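Predicted model, so just to flag it, every value in this text is computed and none were measured. Sequence positions, counted from 1, serve as the residue numbers for this chain.
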Amino acid sequence: MAPTAPLVHAQSLSDSASMAGNVPDDAKLLLAANELVYDRDAERVVANGAVQINYAGYQMVARQVVYDQKTGRVTAAGNIELVEPTGNRIYADSLDVTDNFSDGFLRALRVESTDNTRLVAESAQRVGGTQMILHKGVYTACLPCAENPSRPPLWQVKAERVVQDGTKKTVRLERARFELFGKSLVTLPFIEVPDNTVKRKSGFLFPQFRSGENVGFGIAVPYYIAIAPDRDATITTTGFSSQGVLLEAEVRQRFEKGQANIRIAGISQMNTDEFTAGTSDAERDARGLIASKGEFKINPRWAFGWDVMVQSDNNFARTYGIEGLNASTNTNVVYLTGVGERNFFDMRGYYFDVQDADLNNTAEKKQATVLPVIDYSYYAPELVAGGQLSGTLNFTSLSRFSSEFADTNRDGAFDVYRGLKGNMNRLTGELEWERTYDGPGGLQITPLLAARGDVYGLAMDAPGNYTGGYTSNDAPARYLLTAGIEARYPWLITTANSSHIIEPIAQIYARNNEGYAGQLPNEDAQSLVFDASNLFSRNKFSGFDRVEGGTRANVGMRYTGSFDNGIGVRAVIGQSYHLAGLNSYATQDLLAVGSDSGLETDVSDYVASAGFELPIGLSLSAGVRLDEETLDIRRTDVNATYAQDRFETSLTFTQVDARPAYSFINDNQTVTSSTTVKVTENWSVFGSVNYDIDADKFNRRSVGISYADECTVFSIAYSDKYDPNAETANDWTIGGKLVFRTLGEINLSDTSFQ
């Protein structure tokens with residue numbers, strides 16, 4: 001019987017042996033071929049030409065398939081492709097299996113898994129429906145070269161015997177030889193990796209390499225433990241050539257609403273004299289830490305979490321480069337956050353762990369412990385008198401173990417205080433109402449009313465040598481009432497190939513004077529940078545502890561332009577005027593934060609900014625502050641970025657005039673740049689630099705090279721840092737990573753400063 005069209009034939013195979021118990025009793029076989037011959041005497045079915053078989057999730061195509069009903073064997077030949085229920089594809093020249101595909105032999109086969117890994121072998125044996133045993137196999141996760149398929153892949157593992165175990169979900173390569181660029185590097189008794197269906201499996205991970213100037217060269221061997229579906233752990237042993245064995249362990253637990261982990265690490269140092277004498281690194285033999293991090297989504301609106309660490313001394317995590325814990329200042333935080341449609345709540349507690357080599361923890365004692373800070377904001381769902389009513393609440397409670405002061409070189413007096421020893425509590429609440437009216441010709445008028453109150457509870461040491469009149473009141477209170485109006489008059493100008501918006505803006509805010517101006521602690525308003533970005537802000541202080549009082553006007557111009565060729569332009573220029581009352585920026589406070597800010601005079605400095613975006617990937621921006629009398633440049637910020645497929649770079653220049661009263665003694669000019677060049681499709685070089693022009697020193701430098709393709713990632717980088725105070729145990733570091741997809745990764749982890 002030789003039909004001219006493909007024939008589809010279905011029959012019951014319920015009497016056949018099931019494949020590992022997974023084949024249903026009523027499974028049907030669907031077969032299509034150009035020719036189907038049924039030999040009743042021999043009980044054989046022969047399908048020839050474009051044969052297709054679908055059975056119990058298996059799909060197979062071949063030139064010829066013979067099914068022997070007596071033996072229950074299926075033999076196939078010619079361009080065989082078998083797709084398993086898992087998605088793996090098996091290619092072979094010949095195949096001899098049972099009729100449920102559970103046992104059999106294959107020759108000249110290739111296996112492609114769903115994650116693009118490949119196994120090639122001279123022959124293979126399928127056993128029990130759960131194991132595939134390949135002889136003289138080759139394993140790789142690299143795609144073949146499109147231009148020269150016969151060229152060896154970047155890496156591959158050749159093995160005398162490869163066992164793919166469906167029960168254990170592993171691929172075991174016995175007498176394995178690892179090759180890189182076609183060259184044999186190492187021979188191992190075996191390599192065992194999880195198959196593509198496994199996400200988590202216990203076993204040793206690839207070793208990691210670490211290095212540091214004073215800890216020496218180290219090899220870290222991690223062991224991963226899959227404890228349960230919702231719990232796992234990693235134990236890492238690192239041997240350092242100079243300091244001995246570092247032990248680390250991390251346990252991770254997932255919950256229905258979130259996840260948490262706990263980490264421990266410790267070492268008994270062999271050679272403390274490798275470190276600078278008198279530092280925290282040199283004074284202890286036994287060092288260690290315990291840390292934990294958690295995050296939980298209580299419900300769609302509320303979240304809770306923490307990230308905390310306790311260590312034996314102030315520099316252990318940084319010296320040994322404990323991943324995620326080695327920043328120069330490690331921030332310990334516990335938080336509760338709620339987000340509604342028209343309100344927001346956030347409560348946090350902070351402890352700042354300053355990691356330096358100071359044996360006395362001087363810098364850390366000067367940091368505030370915040371327990372807690374609470375922020376709440378609310379927007380009324382309905383308009384009030386046609387305008388938007390909103391409210392803000394902040395509560396801050398903090399304590400400090402030591403005052404922090406600075407010498408401004410004025411008669412040797414320590415008269416600038418970044419923090420006072422003791423406790424401070426402050427409750428701040430503010431209500432604001434504003435409404436925008438549309439006037440003739442596009443004029444927009446926005447009146448604003450606001451009322452704010454602050455209540456303090458103080459138990460802090462009074463600052464010595466402070467001339468600003470620090471309050472003696474333990475519970476001071478203050479208020480601020482504001483009435484303001486803003487006018488905008490945007491002009492739209494269009495041409496044949498561009499559009500432009502020129503928008504004059506004027507604001508005036510009338511307020512009573514700031515209460516206790518300069519007489520209260522300043523914890524959260526210590527940074528004041530007057531530029532075009534906050535020209536039209538009602539309060540230019542950065543936090544709640546200082547507030548802009550008196551009557552002030554802000555006047556300026558904003559421009560936005562767009563062109564059909566893709567060029568975009570934006571610019572802002574303006575000035576601020578103190579009209580009446582007490583100028584908050586001219587008053588002394590514990591940090592002299594308003595001094596030389598450009599706002600301390602009745603007529604402020606000029607501020608301006610401009611930016612350009614070009615379609616070629618180039619972006620430029622610049623901002624300046626000019627002296628209001630001499631037009632001398634007081635501050636400059638310039639940034640340029642360029643990004644294309646093979647080249648990315650950025651350059652930032654910052655110039656800031658000295659502010660001696662603010663303890664910023666010297667002029668500063670800094671250039672920062674980072675660049676990545678994609679040399680080829682896979683190879684890239686990168687580098688970054690931070691250069692202090694005035695000091696003629698590189699604060700930080702790094703350079704590296706990287707390679708990435710579908711199966712391999714490699715990178716190595718060198719970094720160094722100028723550290724005049726010797727706060728780091730390692731002045732230079734080398735970091736790197738080599739990742740072989742599906743096999744694992746080798747890390748050259750640096751014990752880096754940050």
Side-chain angles (χ1 to χ4, degrees), residues 13-14 16-25 27 53-60 72-74 80-92 95-107 109-141 157-176 188-206 223-234 254 740-744:
L13 294 179
S14 58
S16 303
S18 66
M19 176 187 169
N22 293 328
V23 177
D25 291 340
I53 294 177
N54 291 328
Y55 173 63
Y58 288 86
Q59 303 174 49
M60 187 176 74
R73 307 291 296 186
V74 176
I80 301 168
E81 180 180 348
L82 174 65
V83 182
E84 297 181 313
T86 60
N88 291 346
R89 294 179 179 269
I90 300 175
Y91 301 88
L95 175 146
D96 182 357
V97 296
T98 56
D99 56 9
N100 61 359
F101 298 99
S102 63
D103 298 273
F105 299 91
L106 301 93
R107 292 192 180 279
L109 83 155
R110 183 175 82 255
V111 181
E112 295 182 0
S113 68
T114 54
D115 65 346
N116 282 330
T117 58
R118 287 162 172 74
L119 273 170
V120 180
E122 292 182 359
S123 62
Q125 179 182 1
R126 191 171 179 86
V127 181
T130 60
Q131 278 193 344
M132 177 81 78
I133 302 174
L134 298 90
H135 304 283
K136 295 189 181 300
V138 179
Y139 174 84
T140 185
V157 181
K158 292 183 176 180
E160 292 296 318
R161 189 168 179 262
V162 180
V163 181
Q164 187 176 23
D165 195 314
T167 302
K168 296 181 179 179
K169 307 295 184 183
T170 59
V171 177
R172 181 183 177 92
L173 299 99
E174 299 176 352
R175 294 186 294 278
L188 299 173
F190 70 90
I191 299 176
E192 187 171 280
V193 297
D195 67 19
N196 64 298
T197 65
V198 174
K199 304 299 182 184
R200 307 161 63 250
K201 185 173 179 61
S202 298
F204 285 100
L205 305 179
F206 264 52
Y223 186 83
Y224 176 79
I225 307 172
I227 303 172
D230 59 348
R231 188 183 310 115
D232 59 14
T234 304
R254 286 189 175 273
F740 300 113
R741 188 173 67 86
T742 72
L743 288 185

For this session: Look up atom NZ in Lys158 and atom CZ in Arg175, then write down how far apart they are to the nearest 0.5 Å.
Result: 15.5 Å
For this session: Drop me the distance from Glu122's CD to Leu134's CG, to the nearest 0.5 angstrom.
Result: 11.0 Å
Exercise. Got a second to check how far Thr140's OG1 is from Arg118's CZ, nearest 0.5 Å?
Worked result: 8.0 Å
For this session: Would you name the heavy atoms of Val162 and Gly137 that are closest together and state the gap between them?
Result: CG2-CA, 4.1 Å
Problem set entry | Partners passing salt bridge (charged side-chain N to carboxylate O under 4.0 Å, His left out) against Glu174 (at least two apart in sequence or in another chain) | Arg161, Arg172
Exercise. Quick one: do Lys136 and Glu160 make a salt bridge, cutoff under 4.0 Å?
Worked result: yes
Problem set entry | Qualifying residues under salt bridge (charged side-chain N to carboxylate O under 4.0 Å, His left out), relative to Arg89, sequence neighbours excluded | Glu81
Exercise. Taking the side chain as C-beta and beyond, is there a heavy-atom pair between Met132 and Leu119 under 4.5 Å?
Worked result: no
For this session: Nearest 0.5 Å please: distance from the CD atom of Glu112 over to the CD1 atom of Ile90.
Result: 11.0 Å
Exercise. How long is the span from the CD atom in Glu84 to the CE atom in Met60, to the nearest 0.5 Å?
Worked result: 12.5 Å
Exercise. Stepwise, does the side-chain contact (heavy atoms from CB on, under 4.5 Å) test hold for Asn116 with Arg741?
Worked result: CA-CA 10 Å; Asn116 282 330; Arg741 188 173 67 86; 3.6 Å; yes
Seminar exercise, completed: Those residues at least two apart in sequence (or on a different chain) that pass salt bridge (charged side-chain N to carboxylate O under 4.0 Å, His left out) with Asp232 are Arg200, Arg252
Exercise. What is the distance from atom CZ of Arg231 to atom CD1 of Ile225, rounded to the nearest 0.5 Å?
Worked result: 12.0 Å
Problem set entry | Closest non-hydrogen atom pair, Ala176 against Val157 | CB-CG1, 3.6 Å
Problem set entry | Among Val111, Val120, Thr117, the one residue meeting side-chain contact (heavy atoms from CB on, under 4.5 Å) with Tyr139 | Thr117
